[in-house]
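Single-structure report; data block below.
Residue numbers start from 1 in every chain, and the chains themselves are labelled A, B, ... in the order their sequence lines are given, proteins ahead of strands.
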Amino acid sequence: MNAKLPDAFKDLEYLVGEWAIEDGHERYLKRVNSTMDEMKVFYNAMAPRGKDAIDYLDQYDYQQALPDDAENLRNLLFTLITVSLAVELWRQPRVKNSAKTILTRLC
Amino acid sequence: MSQEPLLKKPESGKWTDAYPQLGRGPISLDDCVSAEFYEKEREHIFKKNWLYIGRVERLPKVGSYFTRELQVLNTSILVVRDGEDSIRAFHNICPHRGNKLVWKDDPFVETEGTTSRLYCRFHGWRYGLDGHLIKPSRQDLLLDFEPGKCQVPAIQCEVWNGFVFINLNSDNKQTVSDFLGDFAQGIEGFPFDRHRQTYKFKAELQCNWKIFMDGFAESYHGPYLHAGTFGALTALAKLDAPNQYTDALGYELKGLHRMFSFYGEPSKETPYSLPIEKLVQAGAAGPWNKRPQKDPLPKGLNPTRSEKYGFDSFQFFPNFVLIFSSSGFTTHAHWPTGPHSHIVEVDMYYLPPTTHKERIAQELTVSFLNDVILEDASPLEGMQAMLNSGAIKEFHVNDEEILIRHLHKTVQDYVANAEKEKK
Ligand code: FES
Ligand SMILES: [Fe+2]
């Protein structure tokens, strides 16, 4: 898939390659293998655009496959969710007091 | 739904008083530590009872199959849809000379797919989806050979409301529905098959399967262990008084099985909501401001008929947990891999989203639940390691921990009775 985003989000295209991760388990691995500084750069860029991104996606019929650019945007939102719990709740990449344990997400 | 509660706290104020045979003192924890006990548990419990191994949606058409690698049973199970209404289970073995029948690339990794025949790669023998031998290769070589004696070994298999169960005890005469008993009757009618949006997680944890089940059988630890996620409730819990946010609405024991019902309010914004929750308009308990459920709940759910009902969690003997919440239902299955380790499978079944907004909201709920489970995981591993030290021999279990008392007593009594019968 290319790294394009819908026109209104063009300025975020530089995030796509690293942070638009479709697979749920890959997203979680990205979170636990990133530093807080790395995640905050993504979070600070993406979070303020979250509301507009959700509204943009919601124009599309859920039963139809998204165009590539909108799918990239959706995946950035998914990663924002994964990363937000680290940034806003735990203030560290992993769940507090969870050592090295993670769950494998199958789907 | 009738407003008459099915379940009420005894006048005395203690749930345990409703079950005089349960005991009230400390309980032995040997069943979580002893390797010898674990072997008995495998023999008498896991190899003799109905076990939930997956939803029927995994077998959408005739010829669909999946395998389960279940160390506790010392076998691999092959589950196949043989017809519209017929699902069969087998030991995953070729009766010719014992090759593992269905696997891809690695014989110890579970697999799934669709096939018209069961084909053994070792010498090319073919079996029908019902396990009978269709054709050995090189029939000219056969000696004294009876095809009827050469079938893929069948295992009892039954489907209850889309949940596929197997039972390794070939003498078993009880149906799944009878085995699950009154609790199952009470949840009949729940629209399981409409909950087709699935999110599945799995982990091998270094603790006995019962230790993990115990962690999900009480909410008393919420404000302490989950101070991060239940933060607001921690102060209340310190009051040393009944607390509607952490005490269950009700506990019920029925034969081998048990359940608790728990408080909850419609998911909505609170002073503690995180920015991501406000953005997505959802939280751990599901989407905010959801319309109240239109369909009436089956009679066994919300048994205290509480206005502030959140979820019900049923622990079916031995290792199958079924949780109903406003988001849908979740299953936990616990598969021992040894006396001090097990694989936990957490599968969430939600109503399919109809909009991208709904899908994104589910993603936050699921991500939250993932993290809450992890908040329990490592502490439980630490607990197991310390139990193994032998420094303590008993758990001191209180009234809010009644399900834990019941699980251990049930398992211990079951094993003791089976051992007695053996002699
Ligand atoms: S072992 Fe299967 S065909 Fe020989
Ligand atoms: Fe917990």
Side-chain angles (χ1 to χ4, degrees), chain A residues 21-25 27-28 31-32 43-44 46-67 70-71 73-107, chain B residues 58 110 197-207 225-229 231 272-284 343-349 352-382:
Chain A
I21 306 170
E22 177 159 22
D23 179 76
H25 192 61
R27 277 201 300 282
Y28 206 80
R31 174 176 132 186
V32 298
Y43 177 89
N44 289 336
M46 188 63 204
R49 308 295 287 284
K51 171 101 179 57
D52 289 344
I54 292 174
D55 289 342
Y56 178 86
L57 287 171
D58 221 36
Q59 305 169 62
Y60 287 98
D61 179 351
Y62 185 74
Q63 307 308 330
Q64 308 285 315
L66 285 172
E71 194 176 336
L73 186 64
R74 200 261 334 262
N75 293 342
L76 283 179
L77 274 169
F78 281 169
T79 308
L80 178 66
I81 289 172
T82 309
V83 162
S84 288
L85 292 178
V87 172
E88 298 174 7
L89 183 61
W90 307 112
R91 304 182 198 288
Q92 58 177 43
R94 287 177 184 268
V95 171
K96 219 166 147 193
N97 300 322
S98 71
K100 290 275 176 276
T101 309
I102 62 167
L103 308 179
T104 301
R105 180 165 173 179
L106 305 170
C107 65
Chain B
R58 292 193 66 188
E110 296 181 346
Q197 181 76 12
T198 56
Y199 302 98
K200 300 188 178 184
F201 298 84
K202 171 176 190 162
E204 178 159 12
L205 298 177
Q206 299 305 307
C207 65
L225 189 70
H226 300 290
T229 34
Y272 309 99
S273 296
L274 301 172
I276 190 67
E277 294 178 279
K278 294 183 195 173
L279 173 65
V280 169
Q281 299 279 298
I343 291 170
V344 55
E345 297 167 340
V346 177
D347 297 350
M348 305 170 192
Y349 297 84
T354 57
T355 63
H356 289 284
K357 226 176 221 167
E358 285 177 14
R359 172 65 185 84
I360 288 162
Q362 285 188 0
E363 188 62 29
L364 178 60
T365 298
V366 164
S367 302
F368 245 116
L369 295 174
N370 173 82
D371 277 13
V372 173
I373 293 170
L374 283 174
E375 233 181 343
D376 289 285
S378 292
L380 295 174
E381 293 184 319

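Counting non-hydrogen atoms of other residues, nucleotides and ligands closer than 6.0 Å to NZ of Lys51(A) gives a total of 12 or fewer. Atom NZ of Lys96(A) sits in a sparse spot, with 12 or fewer heavy atoms from other residues, nucleotides or ligands closer than 6.0 Å.
Looking only at side-chain heavy atoms (C-beta outward), Thr198(B) and Cys107(A) come within less than 4.5 Å of each other. Within the 4.5 Å cutoff, the side chain of Pro353(B) has heavy atoms near those of the Tyr62(A) side chain.
Of the two parts of Val346(B), neither the backbone nor the side chain holds a non-hydrogen atom closer than 4.5 Å to a non-hydrogen atom of chain A. Only the side chain of Glu381(B) comes within contact range of chain A, judged by heavy atoms closer than 4.5 Å. Contact of Leu225(B) with chain A is not made at all, since no heavy-atom distance falls under 4.5 Å. Heavy-atom distances place no part of Pro352(B) under 4.5 Å from chain A, backbone and side chain included. Looking at Leu80(A), the atoms closer than 4.5 Å to chain B (heavy atoms on both sides) sit in the backbone and in the side chain alike.
In this structure, the side chain of Asp371(B) does not engage the main chain of Val95(A) through any donor-acceptor pair within 3.5 Å. A donor-acceptor contact shorter than 3.5 Å links the side chain of Glu88(A) to the backbone of Ile276(B).
Of all the heavy atoms in Leu103(A) and Ala203(B), the pair that sits closest is CD2-CB, 3.6 Å.
Taking CG from Leu73(A) and NE2 from His356(B), the interatomic distance works out to 10.5 Å, rounded to the nearest 0.5 Å.
No side-chain donor-acceptor contact under 3.5 Å links Ser367(B) and Thr82(A).
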